[in-house]
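One structure below.
The structure displayed is predicted, hence computed values, not measured ones. Just so it is clear: chains get the letters A, B, ... in the order the sequence lines come, proteins before strands, and each one is counted from 1.
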There are 2 protein chains.
Amino acid sequence: MDDLTEMLKGTLEGCVLEIISGEETYGYAITRRLNELGFTDVIEGTVYTILLRLERNGLVQVTKRPSEVGPPRKFYALNEAGRAELATFWAKWQYVSSRIDRLREGGR
Amino acid sequence: MDDLTEMLKGTLEGCVLEIISGEETYGYAITRRLNELGFTDVIEGTVYTILLRLERNGLVQVTKRPSEVGPPRKFYALNEAGRAELATFWAKWQYVSSRIDRLREGGR
DNA sequence: CCCAGGTACCTCGTAGTACTGAGTACCGCT
DNA sequence: AGCGGTACTCAGTACTACGAGGTACCTGGG
């Protein structure tokens, strides 16, 4: 599937929040996870800009830990504000996707 | 539901295409239709920029017709390229939304 | 020892999209 | 004549994802 970038706007951040909420993890691994999930074109640079934004907005707690196979990793975990943001993301997603599906059904 | 604007990027154009595909219609009415559908914050200016883009990209056929209640209307109808674009939009939507839903299900 | 390759992070510039705000103009009604 | 509803246009703004490049750590092979 090619060029989903415009459709991912506004949802990618939520996806990253969801991944972080599942387990404390770091940028490089998040990129791999997104690629596995089918978002094959999502690139490291994109994920890092999202992570920096989350940090700047105070939605995550960051912990730096050494790695045995490379440079130190920055692990991200959701804080209370992050969990709240994730909840509103899913609410918005539910709202938007249901309405688009309804439109698709020839919808009234 | 407030501030869906980022999440609508990339999907609003598809919604407009879908509405046009249902019946030949014009900008002002499309805006009303979107508002009815739940996208209450979508504003005329946004719809017109989308319509101009569709026209510039050769996805629609435009017909100007007089109105009895105001200035003349520009009616839009999909051409062959527009129908193709609409089909790929729904394919992308299917792809993206299914994957996001899977992620939400704690998904593997 | 050095260098390639995988791991891990950061940053600047660009492009695309939705929104804002202002402007223009037509119409019917009072 | 003026007002409210209809209808379109356009310049400017904000936000997000992406591309391309750079830095740095580690292991293994030549």
Sugar-phosphate only, base, or nothing, as touched by Ile50(B) at under 4.0 Å among non-hydrogen atoms: sugar-phosphate
Residue mapping more 5' on DNA chain C - nearest nucleotide basis, Thr5(B) or Pro72(B): Thr5(B)
Between P of dA18(C) and CG of Asp3(B), the distance in whole Å: 14 Å
Whole angstrom value for the distance that separates P of dT27(D) from CD of Glu68(A): 9 Å
Exceeds 12 heavy-atom contacts within 6.0 angstrom, atom CD of Gln61(B): no
Check ion pair Glu6(B)-Lys92(A) (N to O, under 4.0 angstrom): no
Whole-Å distance separating the CZ atom of Arg56(B) from the P atom of dC8(D): 18 Å
Sidechain N-carboxylate O distance under 4.0 Å for Arg104(B), Glu18(A): no
Backbone of Gly38(A) reached by a side-chain donor or acceptor of Tyr95(B) within 3.5 Å: yes
Could you pull out the protein-nucleic contacts involving nucleotides 9-14 of chain D (nitrogen or oxygen on both sides, under 3.5 Å)?
{"residue": "dT9(D)", "atom": "OP1", "partner": "Lys74(B)", "partner atom": "NZ", "Å": "2.9"}

For atom CD1 of Ile30(A) and atom P of dA17(D), their distance in whole Å: 14 Å
Val42(B) backbone acceptor or donor facing Asn35(B) side chain under 3.5 Å: yes
Row check, Phe75(A) ring normal vs Arg73(A) NZ/CZ: under 6.0 Å, within 45°: no
Side-chain donor/acceptor of Asn79(A) to backbone N/O of Gly58(A), under 3.5 Å: yes
Rounded interatomic separation in angstrom, taking CG from Leu4(A) and P from dT16(D): 19 Å
Sugar-phosphate only, base, or nothing, as touched by Leu8(A) at under 4.0 Å among non-hydrogen atoms: sugar-phosphate
Whole-Å gap separating P (dG16(C)) and CG (Leu12(A)): 19 Å
Arg83(B) versus Leu78(B), closest heavy-atom pair with distance: NH1-O, 3.3 Å
Arg53(A) vs dA17(D): side-chain N/O to OP1/OP2 distance below 4.0 Å: yes
Write out a two-atom table: protein N or O, nucleotide N or O from nucleotides 3-7 of chain C, distance below 3.5 Å.
{"residue": "dT7(C)", "atom": "OP2", "partner": "Tyr28(A)", "partner atom": "OH", "Å": "3.1"}

Any donor-acceptor pair under 3.5 Å from Thr40(B) side chain to Glu36(B) backbone: no
Carboxylate-amine/guanidinium contact Glu105(A) Arg102(A), below 4.0 Å: no
From CH2 (Trp93(B)) to OG (Ser97(A)), nearest 0.5 Å: 5.5 Å
Between P of dC8(D) and CG of Leu51(B), the distance in whole Å: 8 Å
Among Leu12(B), Ile50(B), Leu86(B), the one residue meeting side chain to side chain contact (heavy atoms under 4.5 Å, CB included) with Leu17(B): Leu86(B)
Atom-to-atom span, CG of Leu34(A) to P of dA17(D) - whole angstrom: 11 Å
Nucleic acid contacts of residues 81-93 of chain A, taken as heavy-atom distances under 4.0 Å to DNA chain C: none
